[in-house]
Amino acid sequence: MADTAAGVVELAAAAADCAELDARVSVCRACPRLVQWREEVAAVRRAAFADQQYWGRPVPSFGPPDARLLIVGLAPAAHGGNRTGRIFTGDRSGDWLFAALHRAGLARQPTSVAVGDGQEMIDSRVVAAVRCAPPANKPTPDERNTCRPWLVRDLQLLRPTLRSIVVLGGFAWTALWPALRAAGYPLPPRRTPFGHGATVNLAELRIFGCYHPSQQNTFTGRVTAPMLDVVFARAMEHIAGVRAAP
């Protein structure tokens, strides 16, 4: 168990594969504010889910260890991933994301409601920049930095196959770059600002910015289903192009 930032560094770096990494993530207690909040939410519960047993722990990544596409989000939702134990599962953002992943051929089913529902990721893996549900959905910079080694290790373990990354929202975009550097990826000298449709080419990867499918963004039309479809189509086109290259 990691109960300090130094402990996260040590525990993440020693994970031999994605399964071990996911197991180690799930017992992290390094950020006191996040631990208190996730466990309080799990104990009090929302009325609609009062009869359910909440996960109430850090939420691991979801998807195969040889994925060619990585999707990076912000953090689990208090009554979504923090309840179900699976990232982007059981909340409105997850409804939008998994519907888009299914349309793109990246998820077995168009919905993701609970662990054990038969959902599977296809050639893709979903991670969060911060693995615990934060109050008001706003992690602090210190919490983001403390959680970074988990993302770094995901990037390192996926490196043999990873070719595209779709980043959901500005927070995840900011969190990704130091994680890539720590994972050993060469970065451009100047960072590209986040925006929907922003694209960055690295030696091994192409990175795509995408507005987060939060309720605020989907209700206001800032992000639509066709907008998500275009981003995932571009990410998959890049992967197909890399595979087809001599």
> Could you tell me whether the side chain of Q109 and the main chain of E120 form a donor-acceptor pair under 3.5 Å?
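Absent.
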> For A15, is there any backbone N or O sitting under 3.5 Å from a side-chain donor or acceptor partner on E20?
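Checking the backbone N and O of A15 against the side chain of E20, no donor-acceptor pair under 3.5 Å is found.
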> How about L202 and P186: do any of their side-chain heavy atoms sit closer than 4.5 Å?
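Not touching, per the 4.5 Å side-chain cut-off.
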> So, for Q119 and T111, which heavy atoms are closest and what is the spacing to 0.1 Å?
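Taking every non-hydrogen atom into account, NE2-O, 2.8 Å.
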> Walk me through it: do N82 and W37 pass the test side-chain contact (heavy atoms from CB on, under 4.5 Å)?
CA-CA 10 Å; N82 188 58; W37 173 250; over 6 Å; no
> Distance alone, cut at 3.5 Å: any donor-acceptor contact between the side chains of T199 and R234?
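Their side chains do contain a donor-acceptor pair, which is all the 3.5 Å distance test asks for.
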> State, with a plain yes or no, whether a side-chain heavy atom of F171 is found less than 4.5 Å away from one of R144.
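Of all side-chain heavy-atom pairs linking R144 with F171, at least one is under 4.5 Å.
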> Using side-chain heavy atoms (C-beta onward) and a distance below 4.5 Å, is M121 in contact with L101?
yes
> Could you see if F232 belongs to whatever hydrophobic cluster contains W96? Use Ile, Leu, Val, Met, Phe, Trp, Tyr and a side-chain cutoff under 4.5 Å.
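Per the 4.5 Å side-chain linkage, F232 and W96 are not co-clustered.
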> Over all heavy atoms of both residues, which pair between N145 and P149 is shortest? Give the atoms and the distance, please.
O-CD, 3.8 Å
> What do the steps show when you test I207 against T192 for side-chain contact (heavy atoms from CB on, under 4.5 Å), and what is the final call?
CA-CA 10 Å; I207 301 170; T192 300; over 6 Å; no
> Checking side-chain contact (heavy atoms from CB on, under 4.5 Å) for the pair V130/L74: CA distance, chi angles, key distance, verdict?
CA-CA 6 Å; V130 173; L74 191 165; 5.5 Å; no
> Any idea which heavy atoms bring T161 and A67 closest together, and the distance?
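Looking at all heavy atoms of both residues, the shortest contact is OG1-O, 2.8 Å.
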> Would you tell me whether S214 and R92 have side-chain atoms, one donor and one acceptor, within less than 3.5 Å of each other?
no
> Quick one: does D22's side chain have a donor or acceptor within less than 3.5 Å of a partner on P60's backbone?
no
> Do the charged groups of R29 and E39 touch, with an N to O distance under 4.0 Å?
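Answer for the salt bridge query: yes.
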> Between D154 and R131, is there a salt bridge with N-O shorter than 4.0 Å?
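Looking at R131 and D154, the cut-off is met.
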> Report the residue from Y211, F194, F208 that forms a ring-ring contact (aromatic ring centres under 6.0 Å, His included) with W173.
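Of Y211, F194, F208, ring-ring contact (aromatic ring centres under 6.0 Å, His included) with W173 is met by F194 alone.
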> Checking salt bridge (charged side-chain N to carboxylate O under 4.0 Å, His left out) between E204 and each of R163, R68, R159, which is the one that passes?
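Among the candidates, only R159 passes.
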> Test your reading of the model: is there a side-chain donor-acceptor pair from R83 to the backbone of G90, 3.5 Å cut-off?
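Side chain of R83 to backbone of G90: a pair is present.
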> I'd like to know if the side chain of R125 and the backbone of G63 have a donor-acceptor N/O pair within less than 3.5 Å.
yes
> For R153 and Q156, which I'm curious about, is there any donor-acceptor pair between the side chains at under 3.5 Å?
yes
> How about P76 and I87: do any of their side-chain heavy atoms sit closer than 4.5 Å?
yes
> Are L151 and V167 grouped together when hydrophobic residues (ILVMFWY) are joined by side-chain heavy atoms under 4.5 angstrom apart?
yes
> Would you name the heavy atoms of A107 and F98 that are closest together and state the gap between them?
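For A107 versus F98, the nearest heavy atoms are CB-CD2, 4.0 Å.
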> Can you name the nearest heavy-atom pair linking V166 to A235, along with the distance?
CG2-CB, 3.9 Å
> Indicate the ring-plane relationship of H79 and Y54, choosing parallel, tilted or perpendicular according to the 30° and 60° boundaries.
perpendicular
> List for me each residue that meets side-chain hydrogen bond (donor to acceptor under 3.5 Å, both in side chains) alongside T89, sequence neighbours excluded, and say none if there are none.
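Once residues adjacent in sequence are excluded, the partners of T89 under the side-chain hydrogen bond (donor to acceptor under 3.5 Å, both in side chains) criterion are R86, S112.
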> If I compare all heavy atoms of L168 with all of I71, which pair ends up nearest, and what's the gap?
CD1-CG2, 3.7 Å
> Under 4.5 Å between any side-chain heavy atoms of L155 and V127, yes or no?
no
> Report the C-alpha separation of S61 and L21 in whole Å, then their side-chain angles, then the decisive distance to 0.1 Å, and conclude whether the side-chain contact (heavy atoms from CB on, under 4.5 Å) test is met.
CA-CA 9 Å; S61 305; L21 178 66; 5.6 Å; no
> Are the side chains of C147 and V8 in contact, using a 4.5 Å heavy-atom criterion?
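No, every pair of side-chain atoms sits at 4.5 Å or beyond.
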